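Each remark here refers to the structure printed beneath this line.
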There are 2 protein chains.
Amino acid sequence: MPDEQGHPELAEMELGKVLSALADPLRRLVVRELAAGPEGEARTCSSFALPVSKATVTHHFRALREAGLIRQVDRGNSRMATLRRADIEQRFPGLLALLVAEDTQDV
Amino acid sequence: MPDEQGHPELAEMELGKVLSALADPLRRLVVRELAAGPEGEARTCSSFALPVSKATVTHHFRALREAGLIRQVDRGNSRMATLRRADIEQRFPGLLALLVAEDTQDV
DNA sequence: TCCCAGGTACGACTTGCATCGTACCTTGTC
DNA sequence: GACAAGGTACGATGCAAGTCGTACCTGGGA
């Protein structure tokens, strides 16, 4: 399968889809952990240990990818996810900061 | 009925509820118009001319109010809605700017 | 006083979404 | 080659959310 599958371009990112993607607490958790990690960090879907089934994990990562928040590339056996930090910051400046600040509260 | 009905305090605003409220395009439109208007502007629900029924308008304004984005006070015949600009800016700095910037794109 | 306009409450309907089980594919390992 | 692990695809299910019609309440105006 091709690498570019459901990754919107920078200009194609829509605020509505981004907000809908971030309305789910599990997806916010993924973005927050990626944003708190080092720049360009690549993690597998399973490394987040989400308390849901594999099929649901795939569903959530698809939502994040189609919103333009993460980029997924195949690396051998796994599919690595990276945060599109620069794209998000350019298109929606300050958005990531709001998400990172949430971990000081309850989820 | 009391004035304070479903208006969360500043510390009670939750990012999840705010993002869920802003995931709907009609509710984003309301917030965007209020944010683009002058500070403290009070408008009636019907002044937005949303393309939905009266009952649905009430539903959307309730969502905005319970998320903490607007404040509604009775003024005689109507119920005026004002944007909680300072509260939003203090709790989620930069969020309103993202919404205002959306009107340059498609909805 | 009568009526209309602005909003709300309630119930119903429909769509979308989060979730899961299962089957299947791919890759790396033994 | 056989097998386990990481992900995906598909179908099904249950619940939340958007939408509406209707009835109702409250003020203001003719």
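Letters A, B, ... mirror the listed sequences (proteins, then strands); counts begin at 1. What you see below is based on every heavy atom in this structure, not just the backbone, and it leaves out hydrogens, waters and symmetry mates. Here the structure is a predicted model, which means the values were calculated and not measured.
Overall, the helix from C/dT1-D/dA30 to C/dC30-D/dG1 carries an axis bend of 10° between its ends, with five pairs at each end and the value rounded to 10°.
The separation between A/R79 atom CZ and D/dT8 atom C1' is 8 Å, rounded to whole Å. Distance CD1 (B/I70) to P (C/dG7): 11 Å, rounded to an integer number of Å. As a whole-Å value, the separation of B/K17 NZ from D/dA16 P is 14 Å. To the nearest angstrom, P of D/dG18 lies 12 Å from CZ of B/R28. Atom NE2 of A/H60 is separated from atom P of C/dC17 by 12 Å (rounded to the nearest Å). One can place CZ of B/R62 at 8 Å from C1' of C/dT8, the figure rounded to the nearest angstrom. Note: CG (B/L29) to P (D/dG18) measures 15 Å, nearest angstrom. When the P atom of C/dA9 is taken as reference, atom CZ of B/F61 falls 15 Å away, rounded to whole Å.
Of the two residues near DNA chain C, B/M80 and A/H59, the one whose nearest nucleotide lies more 5' is B/M80. Mapping A/V57 and B/L26 onto DNA chain D by nearest heavy atom places A/V57 closer to the 5' end of the strand.
A/R91 contributes a side-chain N or O that, together with a main-chain N or O of A/M13, makes up a donor-acceptor pair within less than 3.5 Å.
The side chain to side chain contact (heavy atoms under 4.5 Å, CB included) with A/V30 is formed by just one residue from the set A/L69, A/L64, A/V57; it is A/L64.
The two residues B/A81 and B/I70 have their closest heavy-atom pair at CB-CD1, 4.2 Å.
Between A/E39 and A/R85, at least one side-chain N (NZ, or NE/NH1/NH2) sits under 4.0 Å from a carboxylate O, which counts as a salt bridge.
Checked against D/dT22, D/dT8, C/dA18, the side chain of A/R65 finds its nearest nucleotide in D/dT8.
Near DNA chain C, defined here as any heavy-atom distance below 4.0 Å, the residues from residues 45-54 of chain B are B/C45, B/S46, B/K54, listed numerically.
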Give me the distances for all protein-to-nucleotides 25-29 of chain C N/O pairs that come in under 3.5 Å?
unit_1, atom_1, unit_2, atom_2, d
C/dT27, O2, A/N77, OD1, 3.4

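Interatomic distance, A/E89 CD to A/L83 CG, rounded to the nearest 0.5 Å: 10.0 Å.
Applying the 4.0 Å criterion to OP1 and OP2 of C/dG7, one finds that B/T44 has a side-chain N or O inside that range.
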